[in-house]
Trainee: 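Here it is: the structure, laid out below.
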Protein chains: 2
Amino acid sequence: MKRPTMKDVARAAGVSPMTVSRVVSGEAGVAPETAARVGQAVRKLGYQRNDNARSLRQKNLGTSTIGLVVDDLANPFYALMARSVEDEAHRRGHVVLVGSTNDEPQREREVIAAFTARQVDGLIIVPTIGGHGFLKRPMAGGTQVVCVDRPARGLAVDTVTVDNRAAAGRAVTHLLGHGHTRIAYLGDRFDIWTQAERYAGYLDALAAHGIPEDPALVRHELRSHPQARDALAVLRTLPDPPTALFTSNDLITLGVLDGLDHPAPLALVGFDDLPLGERLTPPLTVVSQDPVALGGTAANLLFSRIAGDRSAPRSVVLLTRFVVRGSGAMRTAGG
Amino acid sequence: MKRPTMKDVARAAGVSPMTVSRVVSGEAGVAPETAARVGQAVRKLGYQRNDNARSLRQKNLGTSTIGLVVDDLANPFYALMARSVEDEAHRRGHVVLVGSTNDEPQREREVIAAFTARQVDGLIIVPTIGGHGFLKRPMAGGTQVVCVDRPARGLAVDTVTVDNRAAAGRAVTHLLGHGHTRIAYLGDRFDIWTQAERYAGYLDALAAHGIPEDPALVRHELRSHPQARDALAVLRTLPDPPTALFTSNDLITLGVLDGLDHPAPLALVGFDDLPLGERLTPPLTVVSQDPVALGGTAANLLFSRIAGDRSAPRSVVLLTRFVVRGSGAMRTAGG
DNA sequence: GTGAAAGCGCTAACAC
DNA sequence: GTGTTAGCGCTTTCAC
C-alpha cells in the first residue's frame, strides 16, 4: 500500500506524469476533459502531491514552511505568540515548525539547524544569550530571519520588541508619584535582555527623581514563585525596608503576592506578560504587553521578507499599556 | 550566494559526492585523512545537508518530522501538551510541525493535508467533531496517527484520554456526600467529547443517589467567562436554586467564581485542565488532569509506532487526581 | 494541449 | 576506501 505517485496517477488516467503535474498544481493549458480524467484518477488512488519533492525541484517557490523558535512553548506568553504566528502562516498557506530553547544556546543551535536542514523559508526566533553567527550562512543562502521579544546581538535582522525600558520607568515613576522613595526591584535572570532593560528603566526613574540606587533593594535571578516570595521576606527584614515593589515578570509578581499584605501592605506595580492582573486580588497596577501583537508583527515582517523585500532591517518597538488598578497607590500605615 | 551542495563540497575536497555523503552522515569506511579533508571543506563552505532531499531518497528513514494538531495552541492546556510532545520529539531527533484547528473540521483537514504533503512520519491529533476518513489513505501510506485528549470516531488508532466520566462522577459524588441535592452542571459545547463525558459522569452520580436530573440546573454551550457568569446568575433566580455547582472546564470555573459568594455562598467543584485552583480564592476543590502526561504518553505511543510497532491500537486512559481544598464542602446558610 | 528528457540534492547498490 | 550509476517524486524546458 505504498503512497501513489504522479506516475501511478498518470498510468491510471492514460496520460503523462507531466500532465498530472499540471492538473494537480492547477496550471492552465490542459484540456478540461483530460483534467477531469486526471482528477478522477487522483481521487480513485487517493493521490496527494509530495511537496518535499516538489520544492526540491522548484527552487523559486520555497518550502512554504517557517520555523518558530521560542524560549518555552509551555509559557502562555510564547504560546499566544506562537498561535498568532501560526494564524498568519496559515493564511498564507505556510506551515510552522516550532521549537523551544529553554534559553540554552546549545539547544537553540540544534533546533535551528534541524529547521534549516529542512529548508525553511524563514525563521522567527526569540534569541538566547548566545551568539548567532551560525545564522549567517543560512541567511546568505536565502533563509529569512526575524527576531522577536529580544534582539540578537550582532545580527542585522528585523526585530520586534516592546518598550521595556520606558515602560518600567513609567511604572516606577508611578510609584514615586505616590510618594514612595524606598522602591525595591525584583527581577529574573539579568542576562535576559528584557530583564536588563526593565532594570534599566527602574534606575532611570530613580535617577530622574534624584534618588540614589540602594543595592539592598535590588534582587535579580529570581527564577521561581518561592524564590520571589522569599526575596520579599528578606527585604522586609531590612532596617529600612521598601514601601513599594516593582516586579519584572508574572512569575515574580505571583510569588510576591503571597506576602504582600503581611505584616504591612506594600505598593506594587508589575511587568505583565499576560492579561493576568485582572484575576488577582488586590487589583494589580501593571505594565501590560501583547504577545499576539508581537507574534503577528514578526510574522508579517517575515512574510514580506520571504516575498522579496530586501530593504534595510527594521526595528519595531510595540507600545505597552500602563494599567492603573490601585495596587500602586497603596501607602503603608507608617509610610 | 546559493547554498552549497555536496557537489560543491566534493569539488573543494577533491573527492566524490558519495564520499562527502558518507562523511556528513557519519558512516564508517572512510579514511580518517579523507574525512578530515571533507570536514574542512564542509566548514569552509558552511555546508549543511539538505534533509528534504535526503529523505526523498531514503524511504526507510522517514523525514524525522511529526505533526501536532491541537484545538488551540494558545490554550495553556494544549501549550503544555505541545511542549511535552516537542521534548519527546527533540530527544529522538525529530522536529514538530504544529497547527490549531479551532475545532473546525475544515481547518483540521487543511492542516493535516499540509502536514502529510510534507511527508510527516506521524501525527498526534486532538480530533474535531468531524469525520476522519481522510486519514485512511495517509495511514495506508505509512503515516502513523495517535489521538490525544479525545478519540476520533471510527478511527482505529492509539488514543490517550483521561477518565473524564469517572472523574466527573467522583466530583459530583463529593458534593452529594456533603448533603447537596440541588447540583447544577455548567458545561461547554456538548458536541466536544470531553464535555459530553463529564456531563455523563454528572448524571451517573445523580442516578447512583437516586436523584432525578433537573434540566433547569443544566447549562451547556457556555463558551466564555461572561456566559458562565450570567448562567450562574440565572440559576440563582430559580424558585429552587442550586446549592452546589459542577463546572466542566477552567473557563467556566473562572466565570462562575465572580458570583460565587453573592448573595449566598455556593459549593463548587471544577474540572481543571491546569494547576489553576492553587492560585484562586476560595481554595478550589478540583478534578486535576495532567496535559504534560497526555502529550508525553501520546508521543511515546507515536514513536513506538514509527519505530515499527504494528500491534493492535491501544487506548490509554490516564487517571486524574481529585484535589479537595474546601470549596466542595460549603453549605448555604439556609441549606 | 501534451509529452520526453534532464535534473533538483541526495543516497542505494554496485563496481573497482 | 572510493567512485559510478541510477533514481527518489517532482517540475523545467523544449519539442511536437
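It should be emphasised that the depicted structure is a prediction, and the values quoted were computed from it without experimental measurement. Excluded from the calculations below are hydrogen atoms, water molecules and symmetry mates; all remaining heavy atoms, backbone and side chain alike, are included. By convention in this document, chain letters (A, B, ...) are assigned in the order of the sequence lines, proteins followed by strands, and residues within each chain are numbered from 1.
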Trainee: Given atom CE of M6(B) and atom C1' of dC8(C), what is their separation to the nearest angstrom?
Mentor: 14 Å
Trainee: If you compare every side-chain N and O of Q58(A) against the phosphate oxygens of dT12(D) (OP1, OP2), does one of them come in below 4.0 Å?
Mentor: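 Answer is yes, contact under 4.0 Å.
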Trainee: Test your reading of the model: is there a side-chain donor-acceptor pair from D149(B) to the backbone of V126(B), 3.5 Å cut-off?
Mentor: no
Trainee: Nearest-Å distance, CG (L61(B)) to C1' (dA12(C))?
Mentor: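 Answer to the nearest Å: 12 Å.
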Trainee: Rounding to a whole Å, what distance do you find between R49(B):CZ and dT11(C):P?
Mentor: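 Taking CZ of R49(B) and P of dT11(C), I get 6 Å after rounding.
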Trainee: Got a sec? Which of residues 111-123 of chain A come in under 4.0 Å of DNA chain D, heavy atoms?
Mentor: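 Those residues whose heavy atoms fall under 4.0 Å from DNA chain D, taken from residues 111-123 of chain A, amount to none.
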Trainee: Under 4.0 Å between any heavy atoms, over every strand shown, what does S55(B) touch: base, sugar-phosphate, or nothing? Just pick one.
Mentor: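 The residue S55(B) makes no contact with any strand.
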Trainee: Once you round it to whole Å, what is the distance between C1' of dC10(D) and CZ of R3(A)?
Mentor: 15 Å
Trainee: Within this structure, what is the NZ-to-P distance between K59(B) and dC8(D), rounded to whole angstrom?
Mentor: 10 Å
Trainee: With a cut-off of less than 4.0 Å, is there a side-chain N or O of Y47(A) near OP1 or OP2 of dG9(D)?
Mentor: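 So the side chain of Y47(A) is outside the cut-off, no N or O lying under 4.0 Å from OP1 or OP2 of dG9(D).
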Trainee: Provide a list of protein-nucleic acid N or O atom pairs under 3.5 angstrom, restricted to nucleotides 1-5 of chain C.
Mentor:
| unit_1 | atom_1 | unit_2 | atom_2 | d |
| --- | --- | --- | --- | --- |
| dT2(C) | OP1 | T34(A) | OG1 | 2.3 |
| dT2(C) | OP2 | A31(A) | N | 2.7 |
| dG3(C) | OP2 | S16(A) | N | 2.9 |
| dG3(C) | OP2 | S16(A) | OG | 3.1 |
| dG3(C) | OP2 | T19(A) | OG1 | 2.5 |
| dG3(C) | N7 | R22(A) | NH2 | 2.6 |
| dG3(C) | O6 | R22(A) | NH2 | 3.3 |

Trainee: Measure from CD on E27(B) to C1' on dT2(D) and round the result to the nearest Å.
Mentor: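 It works out to 13 Å between those atoms.
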Trainee: OG1/T161(B) to CZ/R150(B) distance, rounded to the nearest 0.5 angstrom?
Mentor: 12.0 Å
Trainee: Which side-chain N or O atoms in residues 139-146 of chain A pair as donor and acceptor under 3.5 Å with protein atoms at least two apart or in another chain?
Mentor:
| unit_1 | atom_1 | unit_2 | atom_2 | d |
| --- | --- | --- | --- | --- |
| T143(A) | OG1 | P138(A) | O | 3.3 |
| T143(A) | OG1 | R3(B) | NH2 | 3.0 |
| Q144(A) | NE2 | G142(A) | O | 3.3 |

Trainee: Is a donor-acceptor pair below 3.5 Å formed from side chain R57(A) to base dG7(C), judging by atom type as modelled?
Mentor: yes
Trainee: Over how many whole Å does the gap from N60(A) atom CG to dT12(D) atom P extend?
Mentor: 7 Å
Trainee: Please figure out whether A53(B) or R54(A) has its closest DNA chain D nucleotide nearer the 5' end.
Mentor: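 By nearest-heavy-atom nucleotide position, the 5'-most residue is A53(B).
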Trainee: Pick the closest DNA chain D nucleotide for K7(A) and for S21(A) by heavy atoms, then say which residue is nearer the 5' end.
Mentor: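 Of the two residues, K7(A) wins.
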